[in-house]
There are 2 protein chains.
Amino acid sequence: MVSINDIAKEAGVAKSTVSRYLNNGSVSLKTKAKIDEIVKKRGYKPNTFARSLKAQKTNMIGVIIPRLNSPSTNEVLSGIDAKAHELGYQLIITNANQDEKREIEDIYALAKQKVDGIIFLAKSITAEHREAIKNIELPCLVLGQYSKDIPSIVHDDHGAGRKIAKHALTLRHKYFLYFTVSSEDKAVGQDRYNGFIEEIDKEEGTRVRSVETSFIMQEAYQTAINELKNLKATFIVGATDTIALAVMKAASELGLSVPEDISMAGHGGYDLLSFVTPALTSIKYPYYAIGEMAVDTLENMILKKEVAQYQVVPNELVVRETTQNI
Amino acid sequence: MVSINDIAKEAGVAKSTVSRYLNNGSVSLKTKAKIDEIVKKRGYKPNTFARSLKAQKTNMIGVIIPRLNSPSTNEVLSGIDAKAHELGYQLIITNANQDEKREIEDIYALAKQKVDGIIFLAKSITAEHREAIKNIELPCLVLGQYSKDIPSIVHDDHGAGRKIAKHALTLRHKYFLYFTVSSEDKAVGQDRYNGFIEEIDKEEGTRVRSVETSFIMQEAYQTAINELKNLKATFIVGATDTIALAVMKAASELGLSVPEDISMAGHGGYDLLSFVTPALTSIKYPYYAIGEMAVDTLENMILKKEVAQYQVVPNELVVRETTQNI
DNA sequence: AGCTATATTGGAACCGGTTCTATTTCAGTG
DNA sequence: CACTGAAATAGAACCGGTTCCAATATAGCT
């Protein structure tokens with residue numbers, strides 16, 4: 001690999017001159033031309049490591065995600081990627097595989113890589129997370145979950161739950177079945193559900209049965225098969241779109257038709273699911289936009305500007321084909 | 001940030017001793033204990049950059065992907081991630097956003113980052129790609145597409161096409177409609193289609209109409225709406241599962257039922273789509289496994305071992321609910 | 001031409017590690 | 001107790017850049 005020394009030698013100048021040529025450019029036209037030529041001829045690329053060593057800045061952002069094969073994560077990543085590219089950051093994406101131990105490991109690993117900052121998509125923030133983040137002394141932003149002490153950007157999950165509830169009440173439904181996930185996941189497991197309940201409870205004569213299931217579709221499907229066997233509800237909510245899809249599959253196999261027999265709604269708003277039949281009524285979360293916001297906010301943290309401790313982004317209800325009047 | 005010098009000074013030894021302590025460990029028990037203590041107390045972590053600078057090795061693998069929001073890409077990434085983690089590599093994932101210029105940029109960017117090797121998921125390999133890869137002089141592996149000169153791992157797309165054809169012929173279908181994608185994408189646009197045709201042509205009295213559409217579901221849906229209006233075929237194939245899904249949506253809106261009026265098949269085998277109703281008959285590609293293979297192969301390239309120029313991985317037909325006898 | 005202000009340049013130090021060589025320490029041996 | 005060989009350690013050089021400072025070249029002005 002050709003180094004700055006080779007270039008300097010061949011051009012007959014000091015390496016500091018070449019360095020200046022590469023950066024601020026206070027170099028005479030003549031030398032510039034000469035170096036230009038040699039750099040091109042030899043295909044010289046500065047070594048990022050040597051650079052980072054001195055600069056104490058790598059222009060890299062670390063992203064920790066819980067899993068790779070989730071539509072929402074991928075939308076967020078797309079947004080992060082687009083904005084990072086725009087601002088000149090490289091991304092190091094690590095997949096913690098839903099394992100808290102790996103999340104902690106990854107925080108330290110990214111710190112060793114000397115990333116300029118970390119975006120952390122977590123399902124929950126524990127004391128250990130908080131400690132690791134404190135230890136590494138690096139700008140760190142949490143996405144999707146609220147966390148005290150650490151700046152975070154979250155969806156309005158509570159409001160989303162309320163929107164679905166209001167929609168269902170407008171359609172005059174009274175009996176509800178709600179497939180939720182572990183309350184460990186505060187945003188998806190608690191906030192969405194609480195928002196829903198809060199609104200439903202305002203109406204008299206309503207009843208909600210809730211069942212905990214999993215993000216894994218096969219498991220959600222099994223739960224649904226059991227639940228739907230003697231069903232009282234006329235309106236079913238899934239904590240995510242994929243759960244709702246699994247429930248719809250179960251319903252179809254048990255001979256229940258959507259939306260004639262039961263209405264269904266989910267959370268997510270993935271494009272893919274607008275193509276299933278019937279198309280799912282759902283909350284559309286601005287995943288891509290939240291990814292972009294995250295990078296913007298993180299950059300401000302890196303530049304030591306003031307940032308909001310807590311940003312909430314709104315979402316919207318998209319009524320499609322799975323909900324109807326009772 | 002505490003450095004090796006701080007540790008050395010505090011322990012009253014030379015920094016070379018601390019370095020030895022960190023690596024091969026030829027250090028007396030007494031000094032070891034002393035350094036141990038100080039390292040722990042100060043929370044010292046060696047600087048990866050300084051290390052890489054000397055070592056000329058970063059333990060990082062660069063991955064270039066065409067887009068983040070594709071189910072197959074994400075499965076592949078999961079496999080890559082798992083194996084990379086196992087072998088002690090960090091991943092730098094860059095999203096080229098289906099833009100050839102960005103792919104080339106990313107190749108050079110990753111080289112500058114001094115990754116140890118690159119895994120490249122491309123839709124097609126042009127001369128420019130080949131040149132960039134040659135220039136950077138780094139181990140580089142192409143996934144999903146064949147490329148001369150560069151080691152590659154590909155799916156048996158041709159065989160997949162044949163499997164669907166055989167299945168369709170067994171069900172006694174004669175008239176086919178095939179939604180393909182641009183032939184620029186050799187694996188998806190050409191091989192799958194050619195394999196299909198090859199097998200269909202062996203049967204007399206068959207006819208295939210093929211239409212080019214896009215990976216974008218909305219566009220595939222539009223194409224399908226136009227095509228299905230006066231449909232002769234009884235069996236429709238999508239070059240990907242998502243295309244097939246878009247076609248099914250169009251069919252449903254035009255009052256055609258699957259599989260009673262038409263049979264449908266796709267390529268992909270995504271879990272998600274086994275939950276739509278009716279569940280799609282499809283070729284299941286071992287995306288996760290191919291990701292793992294890629295890392296294994298790349299590591300061998302990094303270690304300068306001999307690797308196969310060209311590996312083909314088999315796939316299987318999963319018959320579900322969208323295909324039936326005519 | 002002579003002087004000053006400014007632009008350009010070279011040299012050295014530095015970032016935080018690793019590694020080579022030379023030196024010191026120390027235990028074991030006759 | 002002197003001698004030998006091995007183990008432990010210190011010191012210096014190096015990886016490939018950036019940056020500071022001093023030295024030199026150039027331009028502009030009287």
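Lettering follows sequence order; numbering is per chain, from 1. What you are looking at is a predicted structure, and each value in this text was computed from that prediction instead of being measured.
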Is any side-chain N or O of Ser26(B) closer than 4.0 Å to OP1 or OP2 of dA8(D)?
yes
Sugar-phosphate only, base, or nothing, as touched by Tyr44(B) at under 4.0 Å among non-hydrogen atoms:
sugar-phosphate
Tell me what Thr31(B) touches on the nucleic acid: a base, only sugar-phosphate, or nothing, going by heavy atoms under 4.0 Å.
sugar-phosphate
For Thr17(B) and for Leu53(B), find the nucleotide of DNA chain C with the closest heavy atom, then tell me which residue's nucleotide is more 5'.
Leu53(B)
I'd like to know if Lys40(A) and Glu37(A) make a salt bridge, using a cut-off of under 4.0 Å between side-chain N and carboxylate O.
no
Has the side chain of Lys15(B) got a donor or acceptor atom sitting under 3.5 Å from an opposite partner on the base of dG11(D)?
no
So which one's nearest nucleotide on DNA chain D is more toward 5', Ser28(B) or Lys54(A)?
Ser28(B)
Which is true for Thr48(A) with a 4.0 Å heavy-atom rule: it touches a base, it touches only sugar-phosphate, or it touches nothing?
nothing
Over all strands shown, is Ser19(B) touching base, sugar-phosphate only, or nothing at heavy-atom distances under 4.0 angstrom?
base
So what does Val18(A) touch, heavy atoms closer than 4.0 Å: a base, only the sugar-phosphate, or nothing?
nothing
Using a cut-off of less than 4.0 Å, is there contact between a side-chain N or O of Arg51(A) and OP1 or OP2 of dT18(D)?
yes
At 4.0 Å (heavy atoms only), tell me whether Ser16(B) reaches a base, stays on the sugar-phosphate, or touches nothing.
base
Looking for any heavy atom pair under 4.0 Å, which part of the strands does Asn23(A) touch: base, sugar-phosphate only, or nothing?
sugar-phosphate
Can a side-chain donor-acceptor contact be found between Gln145(A) and Ser152(A) if the only test is distance below 3.5 angstrom?
no
